[in-house]
Amino acid sequence: MKKVAVIMGSDSDFEHVADALRQLKEFKIPFEARVISAHRTPYEAERFASGARDAGFGVIIAAAGKAAHLAGVIAAYTTLPVIGLPIKSSTMDGLDSLLSMVQMPSGVPVACVAIGGAQNAALLAAQILGVTDETIVGKLSKFKADMTDKINKKDKELQSRLKTI
Ligand code: RP5
(Lines give C-alpha, C1' and ligand atoms only; values in the text may rest on other atoms or scores of the structure.)
Protein backbone atom coordinates (compact mmCIF):
# COMPACT_ATOMS: atom_id res chain seq x y z
CA MET A 1 0.00 0.00 0.00
CA LYS A 2 1.22 3.51 -0.78
CA LYS A 3 2.06 5.69 2.22
CA VAL A 4 0.61 9.07 3.14
CA ALA A 5 3.04 11.86 3.98
CA VAL A 6 1.80 14.30 6.61
CA ILE A 7 4.01 17.37 6.59
CA MET A 8 3.52 20.20 9.05
CA GLY A 9 5.21 23.58 8.87
CA SER A 10 5.99 23.64 12.58
CA ASP A 11 5.72 21.40 15.61
CA SER A 12 3.23 23.99 16.89
CA ASP A 13 0.82 22.63 14.22
CA PHE A 14 0.83 19.15 15.73
CA GLU A 15 -2.36 19.39 17.81
CA HIS A 16 -4.25 20.62 14.71
CA VAL A 17 -2.93 17.71 12.65
CA ALA A 18 -3.42 14.94 15.20
CA ASP A 19 -6.93 14.00 14.02
CA ALA A 20 -5.54 13.26 10.56
CA LEU A 21 -2.91 10.97 12.05
CA ARG A 22 -5.53 9.23 14.21
CA GLN A 23 -7.80 8.65 11.22
CA LEU A 24 -4.97 7.21 9.12
CA LYS A 25 -4.02 4.96 12.04
CA GLU A 26 -7.62 3.79 12.38
CA PHE A 27 -7.70 2.88 8.67
CA LYS A 28 -4.30 1.17 9.06
CA ILE A 29 -2.90 3.33 6.27
CA PRO A 30 0.88 3.68 6.58
CA PHE A 31 2.02 7.26 7.05
CA GLU A 32 5.07 9.29 7.91
CA ALA A 33 4.80 12.64 9.68
CA ARG A 34 7.47 15.33 9.38
CA VAL A 35 8.11 18.94 10.31
CA ILE A 36 9.29 20.69 7.15
CA SER A 37 8.91 24.41 6.57
CA ALA A 38 8.59 26.09 3.18
CA HIS A 39 10.33 29.14 4.61
CA ARG A 40 12.64 27.84 7.32
CA THR A 41 13.80 24.65 5.60
CA PRO A 42 13.06 25.28 1.91
CA TYR A 43 15.76 22.90 0.64
CA GLU A 44 14.30 20.06 2.68
CA ALA A 45 10.82 20.86 1.33
CA GLU A 46 12.21 20.58 -2.20
CA ARG A 47 14.18 17.41 -1.41
CA PHE A 48 11.25 15.69 0.26
CA ALA A 49 8.69 16.61 -2.41
CA SER A 50 10.99 15.67 -5.31
CA GLY A 51 11.65 12.23 -3.85
CA ALA A 52 8.21 11.49 -2.39
CA ARG A 53 6.89 9.32 -5.24
CA ASP A 54 10.05 7.17 -5.32
CA ALA A 55 9.89 6.92 -1.51
CA GLY A 56 6.55 5.11 -1.78
CA PHE A 57 4.13 7.92 -0.99
CA GLY A 58 0.84 8.16 -2.87
CA VAL A 59 -0.46 11.43 -1.50
CA ILE A 60 0.88 14.29 0.62
CA ILE A 61 -0.99 16.24 3.29
CA ALA A 62 0.65 19.60 3.95
CA ALA A 63 -0.48 21.48 7.06
CA ALA A 64 0.61 25.03 7.71
CA GLY A 65 -0.52 28.29 9.20
CA LYS A 66 -0.10 32.03 8.60
CA ALA A 67 1.60 32.63 5.18
CA ALA A 68 1.00 28.94 4.48
CA HIS A 69 3.08 28.27 1.37
CA LEU A 70 4.03 24.71 2.31
CA ALA A 71 1.38 22.88 0.27
CA GLY A 72 2.06 25.03 -2.79
CA VAL A 73 5.81 24.63 -2.61
CA ILE A 74 5.49 20.87 -2.19
CA ALA A 75 3.03 20.71 -5.11
CA ALA A 76 5.57 22.58 -7.22
CA TYR A 77 8.07 19.73 -6.83
CA THR A 78 5.87 16.64 -7.18
CA THR A 79 3.27 15.05 -9.45
CA LEU A 80 1.60 13.42 -6.43
CA PRO A 81 -1.72 14.87 -5.23
CA VAL A 82 -1.21 17.41 -2.44
CA ILE A 83 -3.90 18.17 0.15
CA GLY A 84 -3.53 21.46 2.00
CA LEU A 85 -4.68 21.61 5.61
CA PRO A 86 -4.97 25.27 6.67
CA ILE A 87 -4.10 25.76 10.34
CA LYS A 88 -6.03 28.25 12.43
CA SER A 89 -3.53 31.00 13.21
CA SER A 90 -3.57 33.23 16.23
CA THR A 91 -4.34 36.50 14.49
CA MET A 92 -6.64 35.78 11.51
CA ASP A 93 -8.44 32.60 12.55
CA GLY A 94 -6.87 30.65 9.68
CA LEU A 95 -8.26 32.75 6.84
CA ASP A 96 -4.67 33.72 6.04
CA SER A 97 -3.67 30.03 5.86
CA LEU A 98 -6.73 29.09 3.79
CA LEU A 99 -6.16 31.79 1.18
CA SER A 100 -2.43 31.07 1.00
CA MET A 101 -3.23 27.44 0.16
CA VAL A 102 -6.28 27.69 -1.99
CA GLN A 103 -5.31 30.56 -4.30
CA MET A 104 -2.78 28.57 -6.31
CA PRO A 105 -1.86 29.74 -9.80
CA SER A 106 -2.85 27.64 -12.81
CA GLY A 107 -0.61 24.64 -13.35
CA VAL A 108 0.08 23.84 -9.69
CA PRO A 109 -3.08 22.46 -8.03
CA VAL A 110 -3.50 21.99 -4.30
CA ALA A 111 -6.65 20.33 -2.98
CA CYS A 112 -7.63 22.15 0.17
CA VAL A 113 -9.81 21.09 3.11
CA ALA A 114 -11.45 23.40 5.63
CA ILE A 115 -9.51 25.41 8.22
CA GLY A 116 -8.69 22.81 10.86
CA GLY A 117 -10.17 20.03 8.71
CA ALA A 118 -7.63 17.42 9.75
CA GLN A 119 -9.98 14.44 9.66
CA ASN A 120 -11.20 15.37 6.18
CA ALA A 121 -7.60 15.66 4.99
CA ALA A 122 -7.02 12.06 6.05
CA LEU A 123 -10.32 10.88 4.56
CA LEU A 124 -9.54 12.57 1.26
CA ALA A 125 -6.06 11.02 1.25
CA ALA A 126 -7.67 7.62 1.87
CA GLN A 127 -10.14 8.19 -0.96
CA ILE A 128 -7.30 9.10 -3.33
CA LEU A 129 -5.40 5.92 -2.42
CA GLY A 130 -8.71 4.03 -2.67
CA VAL A 131 -8.82 4.68 -6.42
CA THR A 132 -6.31 1.86 -6.82
CA ASP A 133 -6.48 0.09 -3.43
CA GLU A 134 -9.61 -1.96 -2.75
CA THR A 135 -8.73 -2.64 0.91
CA ILE A 136 -9.17 1.06 1.69
CA VAL A 137 -12.52 1.22 -0.10
CA GLY A 138 -14.00 -1.28 2.39
CA LYS A 139 -12.85 0.88 5.32
CA LEU A 140 -14.23 4.04 3.73
CA SER A 141 -17.59 2.34 3.07
CA LYS A 142 -17.77 1.23 6.70
CA PHE A 143 -16.88 4.74 7.86
CA LYS A 144 -19.76 6.14 5.79
CA ALA A 145 -22.19 3.47 7.01
CA ASP A 146 -21.28 4.23 10.66
CA MET A 147 -21.74 7.94 10.03
CA THR A 148 -25.16 7.27 8.49
CA ASP A 149 -26.17 5.22 11.55
CA LYS A 150 -25.08 8.03 13.90
CA ILE A 151 -27.06 10.68 12.04
CA ASN A 152 -30.14 8.46 11.75
CA LYS A 153 -29.97 7.94 15.51
CA LYS A 154 -29.78 11.71 16.08
CA ASP A 155 -32.75 12.21 13.75
CA LYS A 156 -34.79 9.66 15.72
CA GLU A 157 -33.86 11.40 18.98
CA LEU A 158 -34.94 14.72 17.52
CA GLN A 159 -38.32 13.28 16.52
CA SER A 160 -38.86 12.14 20.15
CA ARG A 161 -37.83 15.57 21.51
CA LEU A 162 -40.26 17.29 19.16
CA LYS A 163 -43.11 15.44 20.82
CA THR A 164 -42.20 16.98 24.20
CA ILE A 165 -42.17 20.67 23.22
C1 RP5 B 1 3.85 28.23 9.83
O2 RP5 B 1 3.95 29.23 10.78
C3 RP5 B 1 3.61 26.97 10.61
O4 RP5 B 1 2.92 26.03 9.82
C5 RP5 B 1 2.85 27.41 11.81
O6 RP5 B 1 1.44 27.24 11.64
C7 RP5 B 1 3.15 28.92 11.89
C8 RP5 B 1 3.84 29.31 13.16
O9 RP5 B 1 4.99 28.54 13.37
P10 RP5 B 1 5.82 28.65 14.75
O11 RP5 B 1 6.32 30.04 14.82
O12 RP5 B 1 4.86 28.29 15.85
O13 RP5 B 1 6.93 27.62 14.63
O14 RP5 B 1 4.97 28.14 9.05
Side-chain angles (χ1 to χ4, degrees), residues 1-89 94-144:
M1 187 187 294
K2 296 269 185 208
K3 296 178 287 182
V4 176
V6 183
I7 311 300
M8 56 202 95
S10 169
D11 60 340
S12 65
D13 297 326
F14 180 79
E15 64 174 300
H16 305 283
V17 176
D19 279 348
L21 305 177
R22 282 189 203 103
Q23 189 63 63
L24 292 170
K25 231 176 184 176
E26 199 178 308
F27 282 160
K28 295 190 170 44
I29 294 174
F31 67 86
E32 285 178 31
R34 297 276 312 275
V35 174
I36 300 174
S37 166
H39 306 117
R40 293 164 174 159
T41 57
Y43 295 119
E44 182 56 17
E46 177 190 346
R47 198 198 63 78
F48 180 85
S50 309
R53 185 180 289 276
D54 287 344
F57 293 103
V59 53
I60 300 171
I61 295 171
K66 298 185 173 173
H69 300 134
L70 182 62
V73 166
I74 285 179
Y77 287 110
T78 183
T79 50
L80 292 174
V82 176
I83 301 169
L85 168 55
I87 300 296
K88 186 172 172 169
S89 56
L95 187 60
D96 45 355
S97 321
L98 174 69
L99 295 179
S100 302
M101 283 186 180
V102 87
Q103 291 288 70
M104 288 297 292
S106 271
V108 191
V110 166
C112 193
V113 295
I115 298 164
Q119 188 187 29
N120 270 1
L123 290 171
L124 184 55
Q127 287 180 280
I128 290 168
L129 294 185
V131 172
T132 53
D133 192 322
E134 277 296 319
T135 59
I136 299 175
V137 179
K139 288 167 188 168
L140 285 165
S141 299
K142 185 179 177 315
F143 179 90
K144 280 199 183 289

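Numbering starts at 1 and runs along the sequence shown.
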Return yes when atom [atom1] of [X] has more than 12 non-hydrogen atoms of other residues, nucleotides or ligands closer than 6.0 Å, and no otherwise.
X     : atom1 : result
Lys66 : NZ    : no
Lys88 : NZ    : no
Tyr77 : OH    : no

Compare every heavy atom of [Y] with every heavy atom of [X], then report the nearest pair and how far apart it is.
X      : Y      : answer
Val73  : Ala38  : CG2-CB, 4.1 Å
Ile136 : Ala126 : CG2-O, 3.4 Å
Cys112 : Val102 : CB-CG2, 4.0 Å
Val113 : Leu98  : O-CD1, 4.2 Å
Ser100 : Asp96  : OG-O, 2.7 Å
Ala64  : Ser97  : O-CB, 3.7 Å

Can you tell me how far [atom2] of [Y] sits from [atom1] of [X], rounded to the nearest 0.5 angstrom?
X      : Y      : atom1 : atom2 : answer
Asn120 : Gln127 : CG    : CD    : 8.5 Å
Ile7   : Leu85  : CD1   : CG    : 12.0 Å
Lys2   : Leu129 : NZ    : CG    : 9.0 Å
Ser89  : Asp13  : OG    : CG    : 10.5 Å
Ile60  : Glu32  : CD1   : CD    : 11.0 Å
Ile83  : Met101 : CD1   : CE    : 11.5 Å

Counting C-beta onward and ignoring hydrogens, is there a side-chain heavy-atom pair between [X] and [Y] closer than 4.5 Å?
X     : Y      : value
Ile74 : Ile36  : no
Ile29 : Lys139 : no
Glu26 : Gln23  : yes
Val35 : Phe14  : no
His16 : Met8   : no

Any side-chain to backbone donor/acceptor pair from Arg53 onto Thr79? Under 3.5 Å, distance only. yes

Determine the interplanar angle of the Phe48 and Phe57 rings, folded into 0 to 90°, and report it as parallel if under 30°, tilted if 30 to 60°, perpendicular if over 60°. tilted

